[in-house]
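This report refers to the structure that appears directly beneath it.
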Amino acid sequence: MSEIEKDENTVEDSAEKKRSKEDILEIIIALFLGITALATAWASWIGSLHGGNMSTNYTKSNNLAADGNARWNEASQSLMQDMQIWNQISDYEVEILYANEADNADQMYESAYKIMYICADNLTEDMAEKIGYDFNFEVEDIIDWVLYGELSTTSPFGDGDFIESYYTDAREILAQSEEILAEGQADNTKGDTYSLVTVIYSVILFMLGIVGTFRRLPNRVFITGVAIVGFLFATIYMFTIPFPTGFDFLSYFGG
């Protein structure tokens, strides 16, 4: 075999090896184009689910906040009403105490009747328990309660815990609103993170799409390698982000 034939064979072998590498590279590029496209669609879908949860939680939070504020206003009105009732009861208690000192039985009975009817129509069970009042009291019992009861002349509104009890329901509802709002904010953050992953995948798709414009094989290999590294980074990062609350993939297929 002549030297010329050897050189021609060497060139042909080199061309075949180069072509073989290019074919392998094209397969890798096509494979990662498909995988990246699927990963982009997945990230977009999960991000949209987070966005849906965010909207739902924000709506629930707003509704609970409105309910909590309404309960708060109602509690304030009830507190003011009970304070007014207590002021009326206190006035008649003073009359009973004064009538007792003046030995005026008629005045004591009259004031006791007034206390009975005020309490029957307006006194709450919580406030009655706080001041030691029994709804089954007769007039004589009310007089004894005023004269000898330890709680009858002690204002229940001097107890901060008793005042706070009016707002217990409102505080619970508002606390639920804050918790759900925090969940909505977390969903918003997670959705934004999935959007970032989608952007990274888009950049990777762009890089894989322009590989063919480079003539030199080393340049194409380099760009492909960078794209693959970026894909691995984005994918690992994506799977560190929690799925939406209540997410069940099989539920979309009736499972």
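Values below: all heavy atoms of this structure, side chains included; hydrogens, waters and symmetry mates excluded. All residue numbers in this chain count up from 1 along the given sequence.
The shortest heavy-atom contact between A170 and G68 is CB-O, 3.7 Å. Closest of all the heavy-atom pairs between T154 and I131 is O-CG2, 4.4 Å. Nearest heavy-atom pair across L174 and A65 is CD2-O, 3.8 Å.
Within the 4.5 Å cutoff, side-chain heavy atoms of W145 are placed close to those of I115. Side-chain atoms of D67 and N69, non-hydrogen and from C-beta on, never get closer than 4.5 Å to each other. Residues Y237 and T193 are in side-chain contact: their nearest non-hydrogen atoms beyond the backbone lie under 4.5 Å apart. Looking at heavy atoms from C-beta onward, W72 lies in side-chain contact with R171 at the 4.5 angstrom threshold. In this structure, F243 and K190 have side chains that are not in contact, with every pair of non-hydrogen atoms separated by 4.5 Å or more. Using a 4.5 Å heavy-atom cutoff, the side chains of D141 and D134 are not in contact. Residues L181 and N57 are not in side-chain contact: their nearest non-hydrogen atoms beyond the backbone lie 4.5 Å or more apart. In this structure the side chain of I200 reaches within 4.5 angstrom of the side chain of F233, judged on heavy atoms.
Put simply, CD on Q185 and CG on N188 are 8.0 Å apart, with the number rounded to the nearest 0.5 Å. Interatomic distance, L208 CG to L31 CG, rounded to the nearest 0.5 Å: 10.0 Å.
Clustering of Ile, Leu, Val, Met, Phe, Trp and Tyr by side-chain heavy atoms under 4.5 Å joins I236 with none of the others.
Of the charged side-chain nitrogens involved, none lies within less than 4.0 Å of a carboxylate oxygen, so that E183 and K60 do not count as a salt-bridged pair.
Side chain to side chain, Y201 and T235 meet the donor-acceptor criterion of an N or O pair below 3.5 Å. Checking S76 against Y167 by side-chain atom types alone, a donor-acceptor pair falls below 3.5 Å.
Ring centroid separation for the pair Y133 and F137 comes in under the 6.0 Å cut-off.
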Extract all donor-acceptor atom pairs below 3.5 Å that involve side chains of residues 116-125 and protein atoms in other chains or at least two apart in sequence.
residue : atom : partner : partner atom : Å
N122    : ND2  : I118    : O            : 3.2
T124    : OG1  : M127    : N            : 3.2

Enumerate donor-acceptor pairs with a distance under 3.5 Å from any side-chain N or O in residues 89-102 to protein atoms, sequence neighbours excluded.
residue : atom : partner : partner atom : Å
S90     : OG   : W86     : O            : 2.8
S90     : OG   : W86     : NE1          : 3.3
E95     : OE1  : Q107    : NE2          : 3.4
E95     : OE1  : S111    : OG           : 2.7

